[in-house]
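Structure first, commentary second.
Read the numbers this way: they start at 1 and go in the same order the structure lists the ligands and their atoms. Position 1 is the first residue of the sequence; numbering continues from there.
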Amino acid sequence: KEKIEFTTEQQALMRVITDAYNKHQIPQDVTKKLLQDQYSTEENFLLLTEMATSQVQVLVEFTKNIPGFLSLDREDQIALLKGSAVEAMFLRSAQALNKKMPIGHTEVLEERIHKSGISEEFIKPMFNFYKSIGELHMVLEEQALLTTITILTPDRPYVKDQPAVERLQENVLDLLRKMCVLHHPQEPQYFARLLGRLTELRTLSHYHAEMLASWKVNNHKFTPLLCEIWDVQ
Ligand SMILES: Cc1cc(Cl)ccc1OCc1nc2ccc(F)cc2n1[C@H](C(=O)NC1CCCCC1)C1CCCCC1
C-alpha cells in the first residue's frame, strides 16, 4: 500500500483551492428552482443565462485564488478564463446533478432538463457526460482540483506564455494524482479516468454555441458577459 505524503506546499495548495471552491459555489438554487416547478422553454433559457452569468462571475473569483494565477500575463489570464468557462459550467452542472438528493429528486431534475428546450441531439452527449462524472464519485477536493486543472489548460487559444501555465497546472496535477491514490486506493487507474473526463468535457463544450442556438425559444437573448464567453450574438 503506497504511503501518500503531501509536501507543505501541497497541503497549502489543497487548502487554498478547496476553500476557494467552497466559497465560490454558485447557490444550489438552480436545482431547487428546477425541482420547484416545470418552466416554459423561455423561462428555462432565461434561467440558464442567469445561472451561467453568475457562474462566470464566480469562476473569475475562484481563479483569483489559484496560487500563481494572478502572476500570469494579464491577457493570458483572460485567455484561460475565456477558454475554460464553458467547460467549468458543464462540470458544475454535472456536480449539481450528481449531488446526493432525496429519493426521486434526481429523476425529476433529469426529466425537467430533458424537457427544458435543449434540442434532443445534445441531450444524450450531455447526460452521458453527467453519468460518467457521477460514476467517479469524486470527493470535493478532487472536484475542486479538476476544475482548477481545466482552468490551467496551457493550450487554450491565444495563450502566449504556455510554459508558465504548464508549471502551474503540473503542481495541481501532482496534487490530484496523490489525492486520487489517497481516496481511491483500490482503483490504480482512477486518476487516468478522471483526466479522461476532461477530454469528454472538451468535446461536449465544442457544441455549446449550437446547443444555445437550437434551444426551442423564439429569441435567444444573452447578457453581455455571456456574449463574451459563449461566442454568441
Ligand atoms: C451549462 C450549459 C451550457 C449549455 Cl450551452 C447548455 C446547457 C447547459 O446546462 C444544462 C444543465 N445541466 C444541468 C444539470 C443540473 C442542473 F441543476 C442544471 C443544469 N443545466 C442548466 C443550468 O442551469 N446549468 C447551470 C448549472 C450551474 C452552472 C451554470 C450552468 C439548466 C438550465 C435550465 C433548464 C434546465 C438545465
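- In this structure a side-chain-to-backbone donor-acceptor pair under 3.5 Å is missing from Asp37 to Lys33.
- Per-residue contacts place Thr31 under 4.0 angstrom from the following atoms of ligand 1 (heavy atoms of the residue considered): 17 (F).
- Of the listed options Leu34, Leu212, Leu35, Leu34 places a heavy atom closest to atom 18 (C) of ligand 1.
- Nearest residue to atom 9 (O) of ligand 1 from Val58, Val232, Leu48 is Leu48 (criterion: closest heavy atom).
- A salt bridge links Lys64 with Glu61: the closest approach of a Lys/Arg side-chain nitrogen to an acidic carboxylate oxygen falls below 4.0 angstrom.
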**OP:** Go through the steps to decide whether Thr8 and Gln11 satisfy the test side chain to side chain donor-acceptor pair (under 3.5 Å), and finish with yes or no.
**Re:** CA-CA 5 Å; Thr8 27; Gln11 287 168 41; over 6 Å; no

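- Annotation for ligand 1: atoms under 4.0 Å from non-hydrogen atoms of Met211 are 6 (C).
- Proximity of Arg92 to ligand 1, defined as any heavy-atom pair under 4.0 Å, is confined to the side chain (atoms from C-beta onward).
- Relative ring orientation between His208 and Trp230 is described as tilted, the plane-to-plane angle lying within the 30° to 60° band.
- Within the structure, the closest approach of Tyr39 to ligand 1 does not fall below 4.0 Å when heavy atoms are considered.
- With a heavy-atom cut-off of 4.0 Å, Ser93 touches ligand 1 through backbone and side chain alike.
- Both the backbone and the side chain of Asn44 come within contact range of ligand 1, each with a heavy atom under 4.0 Å.
- For the 3.5 Å distance criterion, the side chains of Thr63 and Gln77 fail to qualify, holding no donor opposite an acceptor.
- Contact annotation for Tyr207 and ligand 1: no heavy atom of the residue comes within less than 4.0 Å of the ligand.
- Atoms of ligand 1 found under 4.0 Å from any heavy atom of Met89, numbered from 1 in the order shown, are 1 (C), 29 (C).
- Judged by distance alone, the side chain of Gln169 and the main-chain N or O of Leu152 form a donor-acceptor pair under 3.5 Å.
- Note on Glu5 versus Lys3: salt bridge recorded, some NZ/NE/NH1/NH2 to OD/OE distance being below 4.0 Å.
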